[in-house]
Amino acid sequence: MRRWQHLIGGRWVDGADGRTFETTNPATGAHLAEVADGGAEDVDRAVKAAEKAFRESSWATDAEGRAAALGRVAEGLIRRQGDFVDVEVSDTGLPVTQARGQAVRAASNFSFFAEMATRLSGETYPQPGRFLNYTLRRPVGVAGLITPWNTPLMLESWKVAPCLASGNTCVLKPAEWSPLSAVLLGEVIAEAGVPDGVFNIVHGLGETAGAPLVAHPDVPLISFTGETTTGKTIIRSGAEHLKRVSMELGGKSPVVVFADADLERALDAVVFGVYSLNGERCTAGSRLLVEDSIYPAFIERLAQRVAAIRVGDPTDPATEVGPLIHPDHLERVLGYLQGAREEGATVLVGGGRPAGVAGGNYLLPALITDVQPAMRVVQEEVFGPVLVAMPFHGEEEALELANGVRYGLAAYLWTEQLTRAHRLAAGLLAGMVWVNSQNVRDLRTPFGGAKESGIGREGGDYSFDFYTETTTVQVALGPHPIPKFGATPR
Ligand code: NAD
């Protein structure tokens, strides 16, 4: 059986103490692979390898070389798309058609940032005859990249591509519930001719492999995607060395549907927006707010659609929702459903285990009504195929409900009224607002969360702001006054 190892300094290696952990197939519960279980010693070796590559290879200084190599990574991802899809489907339970899209997006991330690598430039601030000021941007050094288990390949590419494009080297710590596609990514990066040590992987659990990476004194920046509570822990531990952090955290994003919207399209977007990727999507529109005049009719149609979603084997191209990632996560999601019932909400559709799929972490997509804003299922991120719906009356209440959670990642707005759309877009406290649109992203735009959904933005130039250090150089073009302290005898 294949062993899934760490990648350190260009070599695939077991962990220092030889420990492994198991990853299982969410669709069957079957054993999938043994993976090296890293600890502080492995992290230290990987950081040293990344540091050496940063100092000794031309990676940090050769932008053209980086662009060419990352372009080859993008080609490799497309060439091996089938392998990535197979691994991702068996490791995460993502439906095969959606996993294909994720692999293509991962390739786009590499080709996009490959092109940007050659455009990395500074700015000038001339003061004619007096000063020429300009900025230099350079890579920071060894980056620690920590990723979650949902859509692992896509999220890894979202960090690795800009990090390497700007000349850094890195250590990636993939999530322990879906570690396998990172290994294929490591193979593709090596095949693309990226120098040894530029890209390293240490597998393992958060507490034993992630924490030492965050605490390592020679890792000046940490890009993290995961839960808000984990983000807080990481910030606390990174504070010791005053690390630069980028935090892409949880969400509980509202979808606001007004009676004047194109309701057919809104319905499609509501269903896809929360139940795609098995509901395990950070930007899921998991709180539906519908204008009261159309609420009953909209919910009736929505309920029919949710009940008809095809749940099943993720390798079947007809499947729309596959199994949840892990039995523990399934338990957690079921706990939210039970809690909602106990608080008086109605689980109108789904929420049970489907028949005929024993062994997998399957859950029927759930639609919950009769909720109150303060309920846990409304306030907290469930991170599964669970949608809560409530009516609102007027713009003011829509905004109050939409903004009434601690998260602020995304918001979706459906209205045909131009002025209302812009008013509401400005009033929604979210990092991204999609108007009459599902979650379609232009790679140049900033991505990130407001409130407890994150710190910082990544995407386009914003990624380069995070992954580079800026030095301002101020050059005098002639003599300018310099106070003469100590020049006159006392
Ligand atoms: P998680 O926070 O449990 O784990 C994320 C990563 O952090 C894993 O690799 C884990 O091993 C590691 N980790 C855990 N404890 C750590 C510690 N003390 N120190 C260092 N690393 C540690 O999150 P998850 O359950 O894997 O992912 C789901 C969460 O991710 C959801 O909240 C979801 O919204 C969020 N997410 C956010 C975005 C975004 O862009 N905002 C995207 C995807 C997922």
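Each ligand, and each atom within it, is numbered from 1 in the order the structure gives. Everything numeric in this text was worked out from a predicted model, so none of it was measured.
When all heavy atoms of Leu289 and Phe392 are compared, the closest pair comes out as O-CE2, 3.5 Å. For the residue pair Thr468 and Val140, the shortest heavy atom distance occurs at C-CG2, 3.7 Å.
Not a single heavy atom of Trp177 lies less than 4.0 angstrom from ligand 1. Residue-ligand proximity: Gly449 is placed with every non-hydrogen atom at 4.0 Å or more from ligand 1.
Residue-ligand proximity, Phe447 to ligand 1, at heavy-atom distances under 4.0 Å covers atoms 40 (O). Atom numbering of ligand 1 starts at 1 in the shown order; those under 4.0 Å from a heavy atom of Leu155 are 43 (C). Under a 4.0 Å criterion applied to the non-hydrogen atoms of Leu409, ligand 1 contributes the atoms 41 (N). Near Lys173, meaning under 4.0 Å from any of its heavy atoms, are these atoms of ligand 1: 8 (C), 9 (O), 10 (C), 11 (O). Proximity to Ala175 (heavy-atom distance under 4.0 Å) selects the following atoms of ligand 1: 9 (O).
The parts of Thr225 lying near ligand 1 are both backbone and side chain, judged by heavy-atom distances below 4.0 Å. Heavy atoms of Ile234 found under 4.0 angstrom from ligand 1 belong exclusively to the side chain. For Asn150, every heavy-atom contact with ligand 1 shorter than 4.0 Å involves the side chain, none the backbone. Proximity of Leu249 to ligand 1, defined as any heavy-atom pair under 4.0 Å, is confined to the backbone N, CA, C and O atoms. Proximity of Glu381 to ligand 1, defined as any heavy-atom pair under 4.0 Å, is confined to the side chain (atoms from C-beta onward). Contact annotation for Phe383 and ligand 1: only side-chain heavy atoms (C-beta onward) come within less than 4.0 Å of the ligand.
A salt bridge links Glu191 and Arg80; the closest N-O separation between the charged side-chain nitrogens and carboxylate oxygens is under 4.0 Å. At a threshold of 4.0 Å, the pair Asp44-Lys48 counts as salt-bridged, since one of the basic side-chain nitrogens sits closer than that to a carboxylate oxygen. A salt bridge links Asp268 with Arg305: the distance from a Lys NZ or Arg NE/NH1/NH2 to an Asp or Glu carboxylate oxygen falls below 4.0 Å. Ion pairing between Asp465 and Arg137 holds under the 4.0 Å rule for side-chain N and carboxylate O.
Ring-plane geometry between Phe21 and His203 is classed as perpendicular, the angle between the planes exceeding 60 degrees on a 0 to 90 degree scale with a lower cut at 30. Between Trp158 and Phe447, the ring-plane angle classifies as perpendicular under the 30° and 60° cut-offs.
Here the heavy atom of the protein found nearest to atom 7 (O) of ligand 1 is Phe224 CE1, 3.2 Å. Protein heavy atom in closest approach to atom 18 (N) of ligand 1: Thr233 CG2, 4.0 Å. Nearest to atom 20 (C) of ligand 1 among the protein's heavy atoms is Gly210 C, 3.3 Å. Here the heavy atom of the protein found nearest to atom 36 (N) of ligand 1 is Cys282 CB, 3.5 Å. Nearest protein neighbour of atom 35 (C) of ligand 1, counting heavy atoms only, is Gly226 O, 3.3 Å. For atom 12 (C) of ligand 1, the closest non-hydrogen atom of the protein is Ile146 CG2, 3.7 Å. Atom 25 (O) of ligand 1 has Trp149 NE1, 2.9 Å as its closest protein atom, hydrogens excluded (heavy atom only). For atom 27 (O) of ligand 1, the nearest protein heavy atom (residue, atom name, distance) is Pro148 CB, 3.2 Å.
A donor-acceptor contact closer than 3.5 angstrom links the side chains of Gln338 and Glu342.
At a 3.5 angstrom cut-off on N or O pairs, Gly206 counts as close to ligand 1. The distance criterion of under 3.5 Å between nitrogen or oxygen atoms is met by Glu176 with respect to ligand 1. In terms of N/O distances under 3.5 Å, ligand 1 is approached by Thr230. Of the N or O atoms in Thr147, one or more lie within a sub-3.5 Å distance of an N or O in ligand 1. For ligand 1, the polar-atom distance check against Thr228 finds no nitrogen or oxygen pair separated by under 3.5 Å. Geometrically, ligand 1 and Glu227 share a nitrogen or oxygen pair separated by less than 3.5 Å.
Within a 4.0 Å radius of atom 4 (O) of ligand 1, the protein contributes no heavy atom.
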query = How far apart are the C-alpha atoms of Lys451 and Tyr407, what are their side-chain angles, what is the distance that settles it, and do they pass the side chain to side chain contact (heavy atoms under 4.5 Å, CB included) test?
reply = CA-CA 6 Å; Lys451 300 199 279 183; Tyr407 295 110; over 6 Å; no
inquiry  = ring pair (Phe, Tyr, Trp, His ring centres under 6.0 Å), that's the test. Do Trp149 and Phe383 meet it? Break it down for me.
reply    = CA-CA 11 Å; Trp149 46 258; Phe383 216 56; 5.3 Å; yes
query = Hey, mind stepping through Glu381 and Ser286 against side chain to side chain contact (heavy atoms under 4.5 Å, CB included) and telling me if it holds?
reply = CA-CA 8 Å; Glu381 182 184 44; Ser286 52; over 6 Å; no
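With a 4.5 Å cut-off on side-chain heavy atoms, Val271 and Ile309 count as touching. Arg105 places none of its side-chain heavy atoms less than 4.5 Å from the side chain of Thr151. Side-chain contact between Ile201 and Trp12: present, with at least one pair of heavy atoms (C-beta onward) separated by less than 4.5 Å.
The environment of CZ in Arg265 is sparse: at most 12 heavy-atom neighbours from other residues, nucleotides or ligands sit within 6.0 Å.
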